[in-house]
Amino acid sequence: MRRSTGWLGFVFSAFLLSSVVGDLEDVVFIVVSQNHPLHSAIAEHKKNFWRERLVPLTKNEPVILLTHEAWAPSGAWTIAPLFPVLSKQFAAAKWFFFASEETEVDFHKLKKVLERYDFREPLFLGHALWDTQPTILHHYVPAGRGEALVYPHFPSGWLLSSPLLHRAASVLHKFNPNFNIDPQYELASFLKYMSSLDAVSFFPEAPPRSNDGVLLTHVPELCMADEEGGAKRGCATSCPQRTSGHCLCWLRHGDKMQLEALVTIVMWRTPPTSPPT
């Protein structure tokens, strides 16, 4: 009798664990794509490629969405406008995985990553970046360790748990930025300060001081680049390496067009073990 009770307890515990962890079929995959022949073709190829690898791992047809398709609202590239649509159409989903056209995914390893987290908690997972100094791109908000807002590297892939996405969708009407420049940073700002979005505008003014929202959790397996030895590091995702260099920009002054050569330096840093606090 004792053995029977212990065995039933083990089975019940395993059932509870599986209900918390979920499976890849409980994940909605969203590829942020562009409505351009070249980019849409790349995105379609990515969708088919991912489907081939997901079908053997799921009981039902995997959900893979492309944001250049008709379902996505205007401004999908800024991410936040997607939340109400996703919240309504996929209320039963446990995770929402966002990726870029260049994101590569090892779905077996991604599943192992998700096993460490409880989808019932409001979670924002990704590869963490922060600014080492104030930048115009990020509205000159204070930077440096302990000051900088941690934001995700989109091409590495990032995730929202269902409670966080539904909560963000419910307060999106308060989010009224004057403009959008870097959706990675602005999304992290929105999720951090979404409990204090009573101001008329959000940017470029400094966001309200509040810690009621959700901060990004750094996940090292969501890797920035497909570096040599990435498999040994246990990367669940990767993306092509991008390096800094020279950028040529057209600047318009009155009726004249002037070509200016600008040197751009990428100020991204990845935390050794955890993001700044």
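Only heavy atoms go into these numbers, but all of them, side chains included; no hydrogens, no water, no symmetry mates.
Minimum heavy-atom separation, Pro81 to Gly75: CG-O, 3.5 Å. The two residues Val28 and Ala93 make their nearest non-hydrogen contact at CG2-CB, 3.7 Å. Contact between His153 and Cys239 at its shortest, heavy atoms only, is CE1-SG, 3.5 Å. The two residues Gly126 and Leu216 make their nearest non-hydrogen contact at N-CD1, 3.4 Å. Here the closest non-hydrogen pair linking Tyr151 and Ala188 is CB-CB, 3.7 Å. Heavy-atom minimum distance, Ala168 versus Leu191: CB-CD2, 4.0 Å.
One N or O on the side chain of Gln184 and one on the backbone of Phe154 form a donor-acceptor pair closer than 3.5 Å. Thr58 places no side-chain N or O within 3.5 Å of a backbone atom of Leu24 that could act as its donor or acceptor partner. Under a 3.5 Å cut-off, the side chain of Glu186 and the backbone N or O of Asp182 do form a donor-acceptor pair. Side-chain atoms of His39 do not come within 3.5 Å of backbone N or O of Ser33 as any donor-acceptor pair.
Arg167 has its side chain within reach of Val214: a pair of non-hydrogen atoms, C-beta onward, lies under 4.5 Å apart. A 4.5 Å side-chain heavy-atom check between Asp26 and Phe119 finds every atom pair outside the cut-off. For the pair Met194 and Leu164, the minimum side-chain heavy-atom distance is below 4.5 Å.
Met224 contributes atom CE, which lies 5.5 Å from atom CG of Leu129 (distance to the nearest 0.5 angstrom). Taking CG of Leu125 as the reference point, atom CG of Leu114 lies at 7.5 Å (rounded to 0.5 Å). Interatomic distance, Leu215 CG to Leu149 CG, rounded to the nearest 0.5 Å: 7.5 Å. Once rounded to the nearest 0.5 Å, the distance linking CZ of Phe124 with CG of Leu159 reads 10.0 Å. Separating the CZ atom in Phe98 from the CG atom in Leu187 is a distance of 8.0 Å, to the nearest 0.5 Å. Distance check, rounded to the nearest 0.5 Å: CH2 of Trp158 to CD1 of Ile30 gives 7.5 Å.
Partner of Lys46 under the salt bridge (Lys or Arg N to Asp or Glu O under 4.0 Å) criterion, out of Glu104, Glu101, Glu52: Glu104 alone.
For Pro163, the side chain to side chain contact (heavy atoms under 4.5 Å, CB included) test picks out Ser161, with sequence neighbours left out. Scored by the side chain to side chain contact (heavy atoms under 4.5 Å, CB included) test, Ala76 finds Thr67, Ala72, Leu82 as partners (sequence neighbours excluded). Residues forming a side chain to side chain contact (heavy atoms under 4.5 Å, CB included) with Val113 (at least two apart in sequence, or on another chain): Arg116, Tyr117, Val219, Glu221, Ala236. Partners of Thr103 by side chain to side chain donor-acceptor pair (under 3.5 Å), not counting sequence neighbours: none found. By the salt bridge (charged side-chain N to carboxylate O under 4.0 Å, His left out) test, Glu69 is found to be paired with Lys47, residues two or more places apart in sequence or in another chain being considered. Remark: Glu61 engages Arg51 in a salt bridge (charged side-chain N to carboxylate O under 4.0 Å, His left out) (not counting sequence neighbours). Remark: His108 pairs with no residue by the ring pair (Phe, Tyr, Trp, His ring centres under 6.0 Å) rule, at least two apart or across chains. By the side chain to side chain donor-acceptor pair (under 3.5 Å) test, Thr78 pairs with no residue at all, sequence neighbours left out.
Note on Leu86: it clusters hydrophobically with Val171, by side-chain heavy-atom contacts below 4.5 Å among ILVMFWY residues.
Note on residues 45-85: pairs passing ring pair (Phe, Tyr, Trp, His ring centres under 6.0 Å), not counting sequence neighbours, are Trp50-Phe107.
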### Message
For a side chain to side chain contact (heavy atoms under 4.5 Å, CB included) check, start with the C-alpha distance between Leu123 and Trp95, then their side-chain angles and the critical distance, and finish with the verdict.
### Response
CA-CA 9 Å; Leu123 293 175; Trp95 292 100; 3.7 Å; yes

### Message
Test side chain to side chain contact (heavy atoms under 4.5 Å, CB included) on Val105 and Phe97; report intermediate values, then the result.
### Response
CA-CA 11 Å; Val105 183; Phe97 177 84; 4.0 Å; yes

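Cys235-Cys223 SG separation is under 2.5 Å; the pair is scored as a disulfide.
Think of Leu38 as one node in a network of Ile, Leu, Val, Met, Phe, Trp and Tyr side chains linked at under 4.5 Å; its network also takes in Ile42.
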